[in-house]
Amino acid sequence: MLRYFTAGESHGPALTAILEGIPAGLEISPEYIDRQLARRQQGYGRGGRMKIERDRVKLLSGVRGGLTLGSPVTLQVENTDWVNWEPYMSPVNADYEPKRVAVPRPGHGDLVGAIKYGHEDLRNVLERASARETAARVAVCTVARKLIEYFGMEITGHVVQIGSIRAEDRTLKEIKKQIEKSELLCADPLAEEKMKKEIDDAKEKGDSLGGIFEIIVTNVPVGLGSHVQWDRKLDGRIAWSLMSVQAIKGVEIGLGFTAATLPGSRVHDEIFTGTNGYYRGSNNAGGIEAGISNGQNIVVRAAMKPIATLYSPLRSVNLRTGVEELAAVERSDICAVPAAAVVGEAVVAFEMARAFLEKFGGDSIAEIDARMKIYREQVSHV
Ligand code: EPS
C-alpha cells in the first residue's frame, strides 16, 4: 500500500514527509524533486514568502545511490524563514505574545481550528493550516510521479481561469508549449494578460483571487481503480486528493457539471472498433468510467477559492475581548492558482501511482515491469 504523511509548521524549522510503499529500484534524485518545488513557488500574484524561500528537498532515508530501497522514504524541505521565527516558534521556549493572532480570518482554519483544539492563540492553527504544507506534498508526491512516468504516464497541469477571466481551450500539445513561457501556467497568452491585470486590481484593492486549474494524465493503462467498492473508484479518489489541497472547493472530471445540463446522447462517449482495438469518438467521461480508467486521458479540473488573507480585511471578532474587529492580516499571496496547479499535478500523480501499484504492485520495479508486460499482452487485442 502506498501512503504518506506530512508534518511541519509554516514557520517551523522544516517540513517533513514520509512515503511508504514505493517499490525498490526506482531512480530518483533531489534535483528531479527540486524542479517541481521550484515550479510550485512560481506564479504571478505570489507574496513575500516566496522571495525568502528557495525550496530544496533533502532525502533522509529510503534512497541509496539514486535508487529507492523499498523502505520508507523521508523527505525534508527546510524553511529558510525559520531563522526569523525561532524565538516565537521554538518547540522549547516560544514567546507567544509578539506573534499572537486573536482575530480569525473568515475562510481560513483559524476559528474552527481554535474551537476544535482549544487554542487561544490562532497561530497554533494557522501554522499548520497554511498552504506552506503543500511544499511537503509536492516533494513526496513527486516520487510517486516518477513512478508513473517510468511506466509511461505523463501529467500536465495548467490554469484555465483566474477570477472572472477564462482561458480559451487549447490542444494538449499547445498547452505544453505555451505554459513553458507563462507566468500563470496558462496556455492562452491573451487571457493571461487579462488575468494579470485582474490580479493587479485585486492587489490594489487589498483583495485576493481564486481560479480553476486542469490536470491531464496521458497514456493511462485501462483498468486502474475499480467499480466494485466505493473507496476503490478512481474518480472518487482523485477528487478526494484534490479536495484535500488547501483552498480547493470544487472538482470536476471530464464534462463535470456541464454533463448535468446535456442529454445522454451528447454526453456518453460512443464506442467504435478499429485495427488497434476499441476507441471512442470523444472523451466527455474524462478517462474514467465506473471508477475505472478507460485508457483515454484523465481530465480533471479543480476550483480554488480566493486566499483567505485579505490586506483589506473582512469583519470578524477578537476572541480575547469578544469585540467585533477586522480580521488579522498575515503576509500572504494575492493569487496562488498556478502554485495550486502544480500541487494538483503532484497529488493526482500520487493517486495514480497508488491505483497503479494496486493493479500491478510488486516490491521492485523489475517485478512490476514483468506484470505490466503480461497485462499489456492480455489487453492488446481490445
Ligand atoms: C506558502 C507560504 C505562506 C503563505 C501561503 C503559502 O507563507 P507565509 O505565511 O510565511 O507568508 O505565503 O499560505 C497561505 C496563503 C495561507 O493562507 O496559509 C507557501 O509556501 O506556499
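For ligands, and for the atoms within them, numbers begin at 1 and follow the listed sequence.
Note on ring orientation: taking the six-membered ring where Trp is involved, the planes of Phe360 and Phe356 are tilted (angle from 30° to 60°).
Glu192 contributes a side-chain N or O that, together with a main-chain N or O of Glu183, makes up a donor-acceptor pair within less than 3.5 Å.
Judged as a side chain to side chain donor-acceptor pair (under 3.5 Å), and not counting sequence neighbours, Thr258 has no contacts.
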**Message:** side chain to side chain contact (heavy atoms under 4.5 Å, CB included) for Phe151 and Asn219? Distances and angles first, verdict last.
**Reply:** CA-CA 9 Å; Phe151 288 101; Asn219 210 11; over 6 Å; no
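For the 3.5 Å distance criterion, the side chains of Gln36 and Arg39 qualify, holding a donor opposite an acceptor. Arg128 and Thr6 share a donor-acceptor pair across their side chains, judged by distance under 3.5 Å alone.
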Enumerate the pairs of nitrogen or oxygen atoms, one from ligand 1 and one from the protein, separated by less than 3.5 angstrom; state names and distance to 0.1 Å.
residue: ligand 1; atom: 7 (O); partner: Arg49; partner atom: NH1; Å: 3.3
residue: ligand 1; atom: 10 (O); partner: His11; partner atom: NE2; Å: 2.6
residue: ligand 1; atom: 10 (O); partner: Arg49; partner atom: NH1; Å: 2.8
residue: ligand 1; atom: 10 (O); partner: Arg331; partner atom: NH2; Å: 2.6
residue: ligand 1; atom: 11 (O); partner: Arg331; partner atom: O; Å: 3.1
residue: ligand 1; atom: 11 (O); partner: Arg331; partner atom: NE; Å: 3.0
residue: ligand 1; atom: 17 (O); partner: His108; partner atom: NE2; Å: 2.9
residue: ligand 1; atom: 18 (O); partner: His108; partner atom: NE2; Å: 3.3
residue: ligand 1; atom: 18 (O); partner: Ser130; partner atom: OG; Å: 3.3
residue: ligand 1; atom: 18 (O); partner: Ala131; partner atom: N; Å: 3.3
residue: ligand 1; atom: 20 (O); partner: Arg40; partner atom: NH2; Å: 2.9
residue: ligand 1; atom: 20 (O); partner: Arg132; partner atom: NH1; Å: 3.0
residue: ligand 1; atom: 21 (O); partner: Arg40; partner atom: NH1; Å: 2.7
residue: ligand 1; atom: 21 (O); partner: Arg40; partner atom: NH2; Å: 3.3
residue: ligand 1; atom: 21 (O); partner: Arg46; partner atom: NH2; Å: 3.3

